[in-house]
> 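Pasting a structure below so you can have a look.
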Amino acid sequence: MKHSVVSLTINGAERQMLAAPGTTLLDVLRESQGLTGTRRGCEQGACGTCTVLVDGRTAMSCMLPVETIEGAHVETIEGLTPPQGLHPIQEAFLEGFATQCGFCTSGMIMVAAALLAKNPNPARDDVVRAISGNICRCTGYEAIIDAILDAAVRVKSASRAEAA
């Protein structure tokens, strides 16, 4: 099996790695890059636990052969988290009790980040649609939906504070 060199920008840092054909982005992130915030769930693209952003769009990293995204920009939960604390979305999840075991949380937060980047004023139905590909087995979805709506307010407030 011939390995190939794949170049990606992961959380703002350019990286090169050797990957066997069919190696998933999830395997690269967790095993060669040490970014374990992205969770391994069903490995069938059905649960959303492994969601990351690839060029600003959500992607199930367990289903994405890394050689197919040569040159892409990948953002994981580690990249979303600012060095001085939590991202407003993470704060909203924490304070809104939108995490129980936390297994699905990073995928949900990455979906929320993509949604709020595209639509800073989502309606409840927009949030429901956005997270429809993610499964949470312990909180139920109400706390997560409320946290994302709260995060929208927090992200706008943080943006205004940065601009001032």
> Report whether V128 and M110 are members of the same hydrophobic cluster (ILVMFWY, side-chain heavy atoms less than 4.5 Å apart, transitive linking).
yes

> Could you note down all residue pairs passing side chain to side chain donor-acceptor pair (under 3.5 Å) where residues 95-109 supplies at least one of them, sequence neighbours left out?
E95-R154

> Nearest 0.5 Å, what's the CD-CG distance between E78 and N11?
6.5 Å

> Does E14, at its CD atom, have more than 12 non-hydrogen atoms belonging to other residues, nucleotides or ligands within less than 6.0 Å?
no

> Find the distance between OG (S4) and CD (E70) and round it off to the nearest 0.5 Å.
8.0 Å

> Does any non-hydrogen side-chain atom of H87 lie less than 4.5 Å from one of P82?
yes

> Which pair of heavy atoms, one from P122 and one from N119, lies closest together, and at what distance?
CD-O, 3.3 Å

> Can a donor-acceptor pair be found between the side chains of Q16 and S7 at a distance below 3.5 Å?
yes

> Rounded to the nearest 0.5 Å, how far does SG of C42 lie from CD1 of I135?
7.0 Å

> Should the heavy atoms of other residues, nucleotides or ligands under 6.0 Å from NZ of K118 be counted, would the total exceed 12?
no

> Please test C136 against M108 for side chain to side chain contact (heavy atoms under 4.5 Å, CB included), starting from the C-alpha separation and ending with a verdict.
CA-CA 9 Å; C136 173; M108 292 282 190; 3.9 Å; yes

> Any chance you could measure L116, atom CG, to I89, atom CD1, to the nearest 0.5 Å?
5.0 Å

> Check the pair Y141, N134 against side chain to side chain contact (heavy atoms under 4.5 Å, CB included), reporting the backbone distance first and the verdict last.
CA-CA 10 Å; Y141 295 92; N134 293 64; 5.8 Å; no

> Considering all heavy atoms of both residues, which atom of G22 and which atom of P65 are nearest to each other, and what is their separation?
CA-CB, 4.3 Å

> Among the clusters formed by ILVMFWY side chains lying less than 4.5 Å apart, do F103 and I77 turn up in the same one?
no

> Return the minimal non-hydrogen interatomic distance between P88 and A151, and the atom names on each side.
O-CB, 4.3 Å

> If we ignore angles and hydrogens, is there a donor and acceptor under 3.5 Å between the side chains of Q90 and T81?
yes

> For C62 and T24, what are the C-alpha separation, side-chain angles and deciding distance, and is it a side chain to side chain contact (heavy atoms under 4.5 Å, CB included)?
CA-CA 6 Å; C62 73; T24 67; 5.5 Å; no

> Share the residues that join V66 in a hydrophobic cluster, the rule being Ile, Leu, Val, Met, Phe, Trp or Tyr side chains under 4.5 Å apart at the heavy-atom level.
V6, L8, I10, M17, L25, V28, L29, L35, V52, V54, L64, I69, V74

> Distance-only, no hydrogens or angles: does the S159 side chain make a donor-acceptor pair with backbone N or O of V155 under 3.5 Å?
yes

> Give me each pair satisfying side chain to side chain donor-acceptor pair (under 3.5 Å) with a member in residues 41-64, each pair once, sequence neighbours excluded.
R40-E43

> Could you give the distance from CG (D126) to CD1 (I131), rounded to the nearest 0.5 Å?
12.0 Å

> Here's a test for you: under side-chain contact (heavy atoms from CB on, under 4.5 Å), which of D146, V111, I145 qualifies with V127?
I145

> Do L80 and L115 land in one hydrophobic cluster if side-chain heavy atoms of ILVMFWY residues count as linked below 4.5 Å?
yes

> Are any side-chain N or O atoms of R39 and backbone N or O atoms of C50, one a donor and one an acceptor, separated by less than 3.5 Å?
no

> As an exercise, state the distance from CZ of F93 to CD1 of I148, rounded to the nearest 0.5 Å.
4.5 Å

